Amino acid sequence: MKLPGIADVAQTERTSKSTGLHSAPPVKMAIRNASKSYDTRSGAVHALADVSLDVREGEFLCILGPSGCGKTTLLWSMAGLHALSSGSITLGNQQITRPNPEIAMIFQDANLLPWRNLAKNIELPFELKRKPPDRERIAKLLDRVGLAGFENKFPRELSGGMQQRASIVRSLSVDPSVLLMDEPFGALDAFTRDEMNLLIQEIWMETKKTIAFVTHSISEAIFLADRVAVMSARPGRIAEIYDIDIPRPRSIDIQTEPDFIKRVLDIKSRIEHGRGARVAIT
Ligand SMILES: Nc1ncnc2c1ncn2[C@@H]1O[C@H](COP(=O)(O)OP(=O)(O)OP(=O)(O)O)[C@@H](O)[C@H]1O
Ligand SMILES: [Mg+2]
């Protein structure tokens, strides 16, 4: 695997994409009329209603929505971790009905096993597949996220941000083409969250992975995304999709610029006035 510097070519393509000079990239994952009800003792919980959404090849798609609107349900379905009640999710021409090696999931909690050191945690996906770990790739990734030298540390010896960086390395170590991220930085303090957002932007620009990233935060979504898909309150539907044509790389400071604040307020007001759903600004 190559981890080159920030890809200027990718930036030029992405910038010109927003001007409409190129057509949209091909669809990587297609979600069609996805509905999901959970059977519970107190009756059915309708979590997702008729969600149709394309995730385009190489894009950074943020999925924004209020708590309980079905974001995790959607992401788990995309990862093949549970079945839809109706509708379909495809990756290329494959139906996603079980976990797929092309798709990696990163959770809010880093989910490191406390009794394994960092190296052993990162090698777990290889063990599960009974494959030898790609130590060269893992070493490059650890270096890339600033964790070289921490291989023998246990999770309790690492900060929350370091644990989440380790979980990113674990996911990328098997070289998936799609990364699904479920509020991965939601539990981190504001400074660490900024750092992680910059890191994930850089990794995405370098590796050109397709990323679907769930968040509650309008500003995080705008900062990271090529497109923001806003979900309505439960049962979750796609209420609106926004193109974010801010050039990259984006610095944390852009969040204080008038254009950025206008985008945040626009999404917030359209959510509040149009759809009845609430999303907290953070
Ligand atoms: N395993 C389950 N069994 C029953 N109901 C569930 C299950 N998982 C989720 N739900 C319900 O489905 C709805 C959507 O939940 P989900 O976790 O997908 O929302 P979310 O948008 O990810 O919320 P949050 O932002 O709080 O993480 C909620 O009402 C939740 O209670
Ligand atoms: Mg969730």
Side-chain angles (χ1 to χ4, degrees), residues 29-53 55 60-89 96-99 103-112 160 163-164 167-168 171 178-190 192-193 196-197 200 211-225 227-242 264 267-268 270-272 274-282:
M29 292 190 82
I31 301 156
R32 291 290 173 270
N33 308 106
S35 295
K36 172 78 179 173
S37 287
Y38 293 103
D39 290 322
T40 69
R41 274 188 225 145
S42 50
V45 176
H46 198 186
L48 283 183
D50 210 23
V51 169
S52 292
L53 181 66
V55 187
F60 204 126
L61 174 73
C62 282
I63 300 168
L64 178 70
S67 186
C69 77
K71 302 180 297 298
T72 296
T73 300
L74 177 62
L75 228 55
W76 276 55
S77 308
M78 291 169 72
L81 293 171
H82 64 195
L84 291 171
S85 305
S86 62
S88 68
I89 297 179
I96 298 300
T97 52
R98 63 172 77 102
I103 303 172
M105 179 104 179
I106 296 178
F107 303 89
Q108 178 165 359
D109 186 310
N111 280 323
L112 302 176
Q163 292 190 29
Q164 206 47 289
S167 91
I168 292 171
S171 304
V178 178
L179 268 186
L180 305 177
M181 306 181 78
D182 191 3
E183 304 205 46
F185 312 139
L188 303 176
D189 64 82
T192 312
R193 190 171 181 161
M196 297 301 293
N197 281 333
I200 201 68
I211 297 185
F213 184 108
V214 157
T215 178
H216 281 112
S217 160
I218 300 176
S219 50
E220 181 171 68
I222 297 173
F223 177 77
L224 290 172
R227 294 190 304 147
V228 177
V230 178
M231 290 178 72
S232 64
R234 187 168 67 84
R237 302 167 194 275
I238 303 298
E240 202 91 51
I241 296 181
Y242 294 83
V264 172
I267 293 183
K268 183 174 184 280
R270 286 170 80 169
I271 290 169
E272 287 180 354
R275 314 287 165 176
R278 291 196 159 267
V279 178
I281 293 188
T282 54

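Small disclaimer: the values here were computed from a predicted structure and weren't measured. We count ligands from 1, going down the list as the structure has it; atoms in each ligand are counted the same way. The figures here come from the full heavy-atom set of this structure, side chains too, leaving out hydrogens, waters and symmetry mates.
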Tell me the protein heavy atom at minimum distance from [atom], and give that distance in Å.
atom: atom 25 (O) of ligand 1; result: Lys71 NZ, 2.7 Å
atom: atom 9 (C) of ligand 1; result: Tyr38 CE1, 3.4 Å
atom: atom 19 (O) of ligand 1; result: Gly70 N, 3.3 Å
atom: atom 31 (O) of ligand 1; result: Val45 CG1, 4.9 Å
atom: atom 23 (O) of ligand 1; result: Gly68 N, 2.8 Å
atom: atom 26 (O) of ligand 1; result: Ser67 OG, 2.6 Å
atom: atom 15 (O) of ligand 1; result: Thr73 OG1, 3.8 Å

Does [X] use its side chain to pair, donor to acceptor, with the backbone of [Y] at less than 3.5 Å?
X: Ser171; Y: Ala104; result: no
X: Lys36; Y: Ala83; result: yes
X: His82; Y: Leu84; result: no
X: Lys71; Y: Gly65; result: yes

Contact flag Thr73/the Mg ion (ligand 2), N/O/S atoms, threshold under 2.8 Å: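 Thr73 does not place any N, O or S atom closer than 2.8 Å to the Mg ion (ligand 2).
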
Side chain, backbone, both or neither: the part of Met231 lying under 4.0 Å from ligand 1 by heavy atom: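 Answer for Met231: neither.
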
Which segment of Thr72 sits under 4.0 Å of ligand 1 when only heavy atoms are counted: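 Both parts.
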
Parallel, tilted or perpendicular: rings of Phe60 and Phe213 (30°, 60°):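 Judged by the thresholds at 30° and 60°, the geometry between Phe213 and Phe60 is tilted.
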
Within-shell test, Glu183 vs ligand 1, heavy atom, strictly < 4.0 Å: yes

Proximity flag Gly65 to ligand 1, non-hydrogen atoms under 4.0 Å: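 Distance cut 4.0 Å: Gly65 fails for ligand 1.
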
Shortest non-hydrogen contact between Ser217 and Arg193, atoms and distance: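 That closest heavy-atom pairing would be CB-NH2, 3.6 Å.
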
